[in-house]
Participant: 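Can you keep this structure in mind? I'll have questions shortly.
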Amino acid sequence: MSRYNFKSVETKWQNYWEKNKSFKVQTDPSKKKFYCLEMFPYPSGKIHMGHVRNYTIGDVLARYKSLQGYNVLHPMGWDSFGMPAENAAKQNNLDPKKWTQTNILNMKTQLKKLGLSIDWDREISTCNKDYYKHQQAFFLELFEKKLVYRKENYVNWDPVDETVLANEQVIDGKGWRSGAAVERKKLSQWFFNISKFSQELLDGLEKLNDWPNKVKIMQKNWIGKSFGSEINFKIVGDLPIENIKCFTTRPDTLFGFSFLALSIDHEISKFYRNNKDFLSFKDECSKTGTTEEAIAVGEKIGFKTNLEAVNPLNPKQKVPVYFANFVLMDYGFGAVFGCPAHDQRDFDFAKKYNLEIKTVVRPNDKDENFKVLNEAYPGPGVLINSDFLNGLKAPENSILETIEILEKKKLGKRQINFRLKDWGVSRQRYWGCPIPIAYDEKGKAYPIPKSMLPVELPENIDLNVKGNPLDSQDDWRKINVDGKKLLRETDTLDTFVCSSWYYLRFCSPTETEYGFKKKDIDYWMPVDQYIGGVEHAILHLLYSRFFMQALSHDNNNFDILEPFNGLFTQGMVCHETYKDSDENWISPDEIESINGKKYLKKDKSKLISVGPSESMSKSKKNTIDPENIIADYGADSARLFILSDSPPEKDVQWSEEGIVSSFKFIQKLWKLNQKVVNEINKDHKTDFDDEILKYTNKYLKKVHDNLESFSYNKIIANLYEMYSFLNKQIEKNYTKHTLVENYQKILIAMTPILPHFANECLSITKAKNLKWPKYDVSILKKEIVNVVIQINGKKRGLVQTKPDIDEEKLIEIIKNDEKIMKYFAQKEIKRKIYIKDKLLNIIL
RNA sequence: GCCCUCGUGGUGAAAUUGGUAGACACAAAGGACUUAAAAUCCUUGCCGCUUGCGGAGUGCCAGUUCGAGUCUGGCCGAGGGCACCA
C-alpha cells in the first residue's frame, strides 16, 4: 500500500482550483446566495494560528453551503492601513506601501496553501487608492448629511515624540517609546455622529437572532441607555449664573439633595480661569485622570465654589456647588445632583466634605426610622422624609411621579441619555486614508469636490520627523478648489473606518463610480455568516452597524440596516508556555521532552519549567508557525487538528501530539480508501449492504446536524467513528457497488474539512456529481432499541429489543434475567415508569 | 463595584426535549506482535474485595422529580466585558 503524499496532492488540487477558478462567483439573482465572510487580516507579513483557525472555520461553512447548491461569496482582502507599517518603515527606513505589499504577497501565498475556497478575483486592499477613493466619497456623503463634524477633543500627547498616542500606547501614564509623561492636549478632530443612532443601534440588536448573546449584551451596555429626568437648578451666588441643568436617573430622591457637582470642564469653569486654587485643583484632576487604574481607586475630590443650588422641590433648601473630579463633561450636562444616601459615589464625596446624608428611601423590610450609615442604599423601597412624595414606591412609581410633578412645575422634564459617544476618526498619522477636506486661512473647512478624488497619499516622504509627517508636506498640502487657495487636512482616518464597509466592496470589487453597485449589494447583502474574534465585539461591529445607518440615512436607495445577519466568534489558539531557570521565555521548538515529563532545552543546557497554556503571543514565545506545520504535515492535517479538540467558540490548545495524530489519521483514511478501491466485486446483495446503507444515513445526519450548529469538533469525532466502523466492516460481504456508493457520500461530506484529501479520494473512486449527500429519514428508523431497566431509579440492566415494545412484554423479558430479578427478592412492585423504547423504571 | 459566561477523569471534551455520564481524542501505565526497536493493535476514570460484582461520582449545600451534568434557590471558584455614566 502506498503512503499518502500530501505535498503532491495538496499542490495538485490547489493548482486545479486556481486554474479552473473554482470559487469565482457572480451576481446571479436566479440562484440562492450565501455570503460567508471572515474578518479580513492586517497584513503583518505572516499568518498565525489564529488566522488558520478563523479561516478554516469559515472555509468549512463556505464549502458546505457551496455543495448544498448555494452561490457562495467567500472573499478575502487586507486591512492594510495602520500603525505597524508606519513603525516598521520608520525603523528600517522603508516605504510603508512596499512593506505592506510584500507582506500581502507573502500572506496570500500562505493562505493559498491552506486550501481555502476563496474567490481571489475579489481581493481588495484598503490602502489602495481604488479602495480609499470611495471611502473619501462616503466621508463627503456623511459630511453633506451633517453626520460628520469637527470639535475640540482631548488626546494623549507625547511631548517628546510630539505625537498623539492611542490609549494602548500609554503605559503607566507614559509614552510607550519615549517614556515621557503623557499630557492631555486639546486638538481639533473629526467626529462621526454615531450617537445620533443610539436608539436605532440598540433596537437593531433585538433582530440579530444569530448573534452571540454575549456580544449583544456588550453592545447594549456600551450604548448604555438610561431613563431619568433633566432638572434645572436655580443658582444663587456672586456670579452671573441663574441655572444649572443636571441629568439624573433618580429624581425621586430630590429631598436627599446635599450638593451639586460640576465637571472641571463645565462652562462655569470660565469664571475660575484666573483662580489659582481652582487651577491647581484642575491640575490634580488631570494627573489622576489619565490611567484607568487611577480612576478605579481614585479618591473623589472637589473644589468648593461660592455658589449655592436651590432644591426645586424644597426652595428653602440651598446646597453648596462643587467642581468634582468624578463628573464627566461628555455625559448628561456635565453636572450631577448629589444624593449621598442613595448613591455610593455621592456618599463617599459627602463623607469627605462632611455634607449632610439624608435618607429618603427605606427598604421594604425596614421602618420609617431607617438611616443610611456606612454605605449608600441604592435599592428599592418606599420614599420617606420627602414631604409630598412620602409613601411612593421606589423606584417604579416614585421616579415617574416625581418627573410629572417637575414637568408640571416646569422645573424639569423626562429625558433619556446614552453613554455612546461620537466616534473620533482623526488620526495624526501618515499611513491612513487622507481626509478629503481643506481649509482656508481662517480655518474654515471645505470638502474636496468628488471629482477631485482620490486625495492620494504622497509617496516617498521622510517619516522620521516629529509629529505627523503630512504636516511638513507643503507642496502636497496646497490645493486650489474653485479658485480658492486652500490647505489640505493632514489627519488621516481611523482604520476602523476602512473595515466599516469593506464587506460592501467585496460585492462590487472593481466598480469605479461608487463604492459598490446597487444590484450587487441587493443580491449579496447582508453577510449571512460573519466569523471572527470576539475582541471586535464592540468597536468594529458597532462601527459597521453605524455605517449602514449613516448610508441609509436620507437615502431611499440604500436600505441595509444590519450588515451581518449571523455572527460567530471563535476562540483563541493557545499553547503551553516554557521558561528556563532564569525566567526567560523559551519557544516550543527549543525544547524537547523526555518521557513526556521533563523538558530540556535542546542543547541540554537548562531545565525548563512548563507554564499554563496561554493564547499564542510573540512576547511569551509560545507561537507555532503555520507555514512550518503545513510544510511538515500538510494543510488538511492542520485543518483537521485545529477543528478537532475544542468547540470553535472556545479556546483550543495546540500541541505537537495533536497535529501528529491528525496526520496519522489521514494516513489511516488513505489506507481505508485503498481497501475500498481494491475491494473485489461481489454481485449478490447481502445483509451487510443494508448495514452500510443505514450507517451512512446515520452518519450523514450527524454531520449535517453538527455542521448546522457549528459543532465542528463533533464532526471530527463522527469522522473517527466512521473510520473505525468502515475499517472493521470492510472485510464483510458487501456488493462493491453499495460500498463505493455510500463511501463516496461519506467522502463528499468530508470535503469541507479535508478538501485536498477528500477530493483526491473522490477522484480515485471516479465519483461524479458532487452534491451534498442528503440522508434518508425513512432509513433512520431504528430496528433495535436499547431499553434501560432501572430499579428505584438506578440502572440495573439493559434489554435489546425491537422498537414499539410494550411494558408487559418487557417485564416478561426481564423475568428471565437473573441479574435484574435478584433485586426483586420478595418485594412488591409499587410503581412502574415506562418511556417507550428508552427506559423502564421499577419502584419497589 | 456592576454586567455576562463557565465549573464533567491526568488533559481537551461528548451527553436532542430531565432518562445508559465520560462518545471521540491527547497523555500515562500495562499488554500483544517483534531477536530488539520503531510502527501498529488491545486494555485501563475513581474506591472496595479475586475474574465478577458492589459503592461513590458531573465545584459545594439544599430543593423539585420515579429519575438531575441538565430545572430552581443559596454558596464557592475561574474566565471575559465595562470603569466614577449621575
Side-chain angles (χ1 to χ4, degrees), chain A residues 212-222 224-226 228-229 231 246-251 253 260-261 263 288-289 292-300 324-328 330-339 342-346 348-349 375 378 417-421 534-535 537-538 574 593 595-597 613 641 644-647 649-653 655-658 660-662 664-665 667-668 705 709 711 713-724 786-798 819 830-835 838-844:
Chain A
N213 227 0
K214 178 174 67 168
V215 174
K216 287 193 278 188
I217 287 166
M218 277 160 75
Q219 292 213 354
K220 192 179 166 194
N221 292 341
W222 188 261
K225 182 179 182 175
S226 51
S229 157
I231 300 178
C246 287
F247 171 73
T248 177
T249 54
R250 292 298 301 270
T253 61
L260 196 124
S263 158
T288 52
E292 284 184 11
E293 291 156 77
I295 289 168
V297 296
E299 204 181 348
K300 286 149 190 53
N325 64 339
F326 61 84
V327 185
L328 305 171
D330 49 10
Y331 184 82
F333 299 96
V336 169
F337 126 76
C339 175
H342 305 288
D343 180 289
Q344 190 57 40
R345 190 197 42 205
D346 296 348
D348 295 342
F349 191 78
E375 57 175 4
N417 251 356
F418 294 94
R419 289 166 63 168
L420 184 61
K421 291 176 191 126
V534 73
E535 66 274 19
I538 297 173
C574 300
S593 71
N595 304 333
K597 276 173 188 166
S613 189
F641 177 57
S644 66
D645 259 13
S646 299
E649 69 276 12
K650 284 176 87 177
D651 289 354
V652 67
Q653 284 177 42
S655 72
E656 177 76 13
E657 294 80 11
V660 169
S661 87
S662 293
K664 285 180 184 167
F665 181 62
Q667 293 293 347
K668 287 189 195 174
D705 292 351
S709 63
S711 306
N713 56 323
K714 289 188 238 163
I715 297 178
I716 310 297
N718 300 149
L719 197 57
Y720 275 95
E721 283 168 331
M722 181 281 297
Y723 166 79
S724 64
N786 292 328
V787 182
V788 175
I789 309 299
Q790 292 186 339
I791 308 289
N792 291 335
K794 282 194 177 172
K795 184 198 161 194
R796 296 299 182 191
L798 198 63
K819 275 183 196 166
K830 287 184 189 150
R831 195 177 157 191
K832 286 174 289 191
I833 296 108
Y834 180 52
I835 313 291
K838 261 192 176 170
L839 175 137
L840 175 67
N841 189 6
I842 299 167
I843 312 302
L844 297 176

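Proteins come first, then strands; the chains are lettered A, B, ... in the order of their sequence lines, and each starts at number 1. In what follows, every heavy atom counts, from backbone to side chain, and hydrogens, waters and symmetry copies are set aside.
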Participant: Closest to the I833(A) side chain: G81(B), U20(B), C66(B)?
Facilitator: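 Of the candidates, C66(B) comes closest.
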Participant: Rounded to the nearest Å, what distance is computed from the CG atom of residue D651(A) to the P atom of nucleotide U11(B)?
Facilitator: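 Answer to the nearest Å: 17 Å.
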Participant: Write out a two-atom table: protein N or O, nucleotide N or O from nucleotides 53-56 of chain B, distance below 3.5 Å.
Facilitator:
| from | atom 1 | to | atom 2 | distance (Å) |
| --- | --- | --- | --- | --- |
| C53(B) | OP1 | K819(A) | NZ | 3.1 |
| G54(B) | OP1 | Y823(A) | OH | 2.5 |
| G55(B) | OP1 | R796(A) | NH2 | 3.4 |
| G55(B) | OP2 | R796(A) | NH1 | 3.2 |
| A56(B) | OP2 | K794(A) | NZ | 3.1 |

Participant: Detail all sub-3.5 Å separations between protein N/O atoms and N/O atoms belonging to nucleotides 39-46 of chain B.
Facilitator:
| from | atom 1 | to | atom 2 | distance (Å) |
| --- | --- | --- | --- | --- |
| C41(B) | OP1 | K668(A) | NZ | 3.1 |

Participant: Reading RNA chain B 5' to 3', how would its secondary structure be written in dot-bracket notation, given Watson-Crick and G-U pairs with both distances under 3.5 Å, brackets [ ] for crossing pairs and | for partners on other strands?
Facilitator: (((((((..(((......[....))).(((((.......))))).((((..))))...(((((..]....))))))))))))....
Participant: Respond yes when some side-chain nitrogen or oxygen of R345(A) is under 4.0 Å from OP1 or OP2 of G1(B), and no when none is.
Facilitator: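 No.
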Participant: Scan Q790(A) against the nucleic acid and name what it touches under 4.0 Å (heavy atoms): base, sugar-phosphate only, or nothing.
Facilitator: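 Q790(A): base contact, heavy atoms under 4.0 Å.
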Participant: Please report the shortest heavy-atom distance between F337(A) and C246(A), naming the atom on each side.
Facilitator: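 Heavy atoms only, the tightest pair is N-SG, 3.8 Å.
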Participant: Within the structure shown, what part of the strands sits under 4.0 Å from V652(A) by heavy-atom distance: base, sugar-phosphate, or nothing?
Facilitator: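 Counting heavy atoms under 4.0 Å across all strands, no contact is made by V652(A).
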Participant: Map L798(A) and N713(A) onto RNA chain B by nearest heavy atom, then report which one ends up closer to the 5' terminus.
Facilitator: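 So the residue in question is N713(A).
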Participant: Does S226(A) put a side-chain nitrogen or oxygen below 4.0 Å from OP1 or OP2 of A86(B)?
Facilitator: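 Yes, within the criterion.
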Participant: With nearest nucleotide decided by heavy atoms, which residue, G332(A) or N786(A), maps closer to the 5′ end of RNA chain B?
Facilitator: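 Closer to the 5' end of RNA chain B: N786(A).
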Participant: Taking any heavy-atom pair under 4.0 Å as a contact, classify K832(A): base, sugar-phosphate, or nothing.
Facilitator: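 Nothing: the residue K832(A), judged by heavy atoms under 4.0 Å, touches no strand.
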Participant: Taking syn as any angle within 90 degrees of 0 and anti as the rest, which one fits G9(B)?
Facilitator: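 What G9(B) shows is a syn base, its glycosidic angle lying within 90° of 0.
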Participant: With a cut-off of less than 4.0 Å, is there a side-chain N or O of Y720(A) near OP1 or OP2 of A25(B)?
Facilitator: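 Answer is no, no contact under 4.0 Å.
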Participant: On the nucleotide A13(B), are OP1 or OP2 found under 4.0 Å from the side-chain N or O atoms that S646(A) carries?
Facilitator: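 Looking at the OP1 and OP2 atoms of A13(B), one of them is under 4.0 Å from a side-chain N or O of S646(A).
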Participant: Heavy atoms under 4.0 Å, any strand shown: does I843(A) hit a base, just sugar-phosphate, or nothing?
Facilitator: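 The answer is sugar-phosphate, as I843(A) gets under 4.0 Å only of primed atoms, P, OP1 or OP2.
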Participant: Need one value for K650(A): base, sugar-phosphate or nothing, where a base atom within 4.0 Å counts as base even if backbone is also close, heavy atoms only.
Facilitator: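 Answer is sugar-phosphate: K650(A) comes under 4.0 Å of backbone atoms only.
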